[in-house]
Amino acid sequence: MIIYGKQLFLHLLKNHKDEFLKIFLAKECDKALFREISKLNIKIEKLDFKKAQALARGGNHQGFLAEVKDYKFSEFKDLKSKNFLAVLYNLSDVGNIGAIVRSAYALGVDGVIIVTKSLAIEGIIRSSSGAAYEIPICKFEDGLTLLNELKQVGFKIYASDAKGKNLKEFASKKVLVMGSEGEGIPNKAIQKCDELIGIKMRNNWDSLNVNAAFAIFCDRMTNGQQ
């Protein structure tokens, strides 16, 4: 798997050195950083701009690329004992998913479950700025079965909805469900949730970006509503 971008590269260099298999540099870096990279004792290859762009598939690599080990998803059974989980139901935009993963880690969520049949994890890792390596992420294909199993082990399930309540208190063992960017949460899934929660708008606007809404809900659910 190829990762690129200076921030993600440096995050792995600082926190997950064992993930690297090969380093690609497309620009000169300062001597102190190069010494740190050299300590990995793996092959370092210098690339010209054209080769670097091809390896990054046109992405903004900032001169830092690497081949890393395949990402290891968490097992659902390992998340059942947690207290606060986020379920992303049919989200497709890797930028939004990555930003949510970053917010989830920063705001104290114990794990993220993505309801999907396919997942471009490289884009999620990149847009999360490496936070995907710091929080358990699980894939689950059948969202209805997932919600049933979460309820069976004692989670109270809160679903984001434009008509939801502006709640102040939440269960200690909880799940926050966010729907897809266009269609939201399917009705069959909504029916399996315990509460619908919303954000009161002060001005006339229909909705927020899913990542912004997620961050607001997470802050309420971990720190309480002010």
Side-chain angles (χ1 to χ4, degrees), residues 1-5 8 11-12 15-16 18-19 21 57 59 66-160 173-193 209-211 213-215 217-218 221:
M1 184 173 74
I2 300 296
I3 62 100
Y4 58 83
L8 174 55
H11 180 83
L12 292 183
N15 300 289
H16 300 280
D18 59 337
E19 296 293 330
L21 298 175
R57 298 180 181 179
E67 181 184 356
V68 299
K69 297 175 184 176
D70 288 339
Y71 184 82
K72 293 182 180 179
F73 289 96
S74 296
E75 297 288 337
F76 174 62
K77 60 182 176 61
D78 296 327
L79 297 182
K80 290 182 177 181
S81 61
K82 305 296 185 180
N83 290 319
F84 186 12
L85 300 177
V87 170
L88 309 185
Y89 210 111
N90 295 342
L91 268 73
S92 58
D93 186 287
V94 295
N96 277 335
I97 296 173
I100 286 173
V101 167
R102 186 175 181 177
S103 296
Y105 177 65
L107 294 170
V109 177
D110 297 318
V112 176
I113 303 173
I114 304 174
V115 177
T116 183
K117 292 184 178 180
S118 63
L119 194 63
I121 190 61
E122 295 94 337
I124 294 170
I125 291 171
R126 187 166 57 254
S127 57
S128 77
S129 299
Y133 283 98
E134 310 305 328
I135 185 171
I137 299 177
C138 170
K139 292 187 298 182
F140 207 107
E141 288 194 11
D142 186 342
L144 299 181
T145 298
L146 169 66
L147 297 178
N148 282 335
E149 293 200 25
L150 289 170
K151 294 183 81 168
Q152 287 172 9
V153 293
F155 283 99
K156 185 166 184 177
I157 302 177
Y158 300 89
S160 169
K173 193 172 177 71
K174 54 191 174 286
V175 173
L176 170 59
V177 183
M178 304 296 296
S180 65
E181 296 86 347
E183 299 180 2
I185 304 169
N187 286 333
K188 287 184 178 180
I190 286 283
Q191 292 170 12
K192 292 184 177 295
C193 297
N209 174 274
V210 65
N211 174 51
F214 177 83
F217 285 133
C218 276
M221 296 173 87

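This is a predicted model, so every value here is computed, not measured. Sequence positions, counted from 1, serve as the residue numbers for this chain.
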For the ring pair Tyr71 and Tyr133, is the centre-to-centre distance below 6.0 Å?
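Yes, the ring centres sit under 6.0 Å apart.
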Would you indicate whether the side-chain heavy atoms of [Y] and [X] approach each other to under 4.5 Å?
X	Y	result
Val115	Leu88	no
Phe155	Val153	yes
Met221	Cys218	no
Pro186	Tyr89	yes
Leu85	Val112	no
Lys151	Ile157	yes
Val87	Leu176	no

Determine yes or no for a side-chain-to-main-chain donor-acceptor pair under 3.5 angstrom, with [X] supplying the side chain and [Y] the backbone.
X	Y	result
Lys80	Glu149	no
Ser127	Val94	yes
Lys82	Val109	no
Thr116	Leu119	no
Asn211	Asn96	no

Could you go step by step and tell me if Ile135 and Val101 meet the side chain to side chain contact (heavy atoms under 4.5 Å, CB included) rule?
CA-CA 8 Å; Ile135 185 171; Val101 167; 3.8 Å; yes
Interatomic spacing from [atom1] in [X] to [atom2] in [Y] - rounded to 0.5 Å:
X	Y	atom1	atom2	value
Ile185	Lys192	CD1	NZ	14.0 Å
Lys173	Asn83	NZ	CG	5.5 Å
Ile114	Leu91	CD1	CG	8.5 Å
Lys174	Lys156	NZ	NZ	11.5 Å
Leu107	Phe84	CG	CZ	8.5 Å
Ile2	Arg57	CD1	CZ	9.0 Å

Walk me through it: do Leu146 and Leu144 pass the test side chain to side chain contact (heavy atoms under 4.5 Å, CB included)?
CA-CA 5 Å; Leu146 169 66; Leu144 299 181; over 6 Å; no
Start with the C-alpha gap between Tyr158 and Val177, add the side-chain angles, then the distance that decides, and say whether side chain to side chain contact (heavy atoms under 4.5 Å, CB included) holds.
CA-CA 6 Å; Tyr158 300 89; Val177 183; over 6 Å; no
Applying side chain to side chain contact (heavy atoms under 4.5 Å, CB included) to Ile121 and Met1, what does each step give before you reach the verdict?
CA-CA 10 Å; Ile121 190 61; Met1 184 173 74; 4.1 Å; yes
Closest non-hydrogen atom pair, Leu79 against Cys138:
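So the two residues come closest at CD1-CB, 3.8 Å.
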Which heavy atom of Cys193 sits nearest to which heavy atom of Leu147, and what is that distance?
SG-CD1, 4.4 Å
Ring geometry between His11 and His16 (parallel below 30°, tilted from 30 to 60°, perpendicular above 60°):
tilted
Please check if any side-chain donor atom of Ser129 sits under 3.5 Å from a side-chain acceptor atom of Arg102, or the reverse.
yes
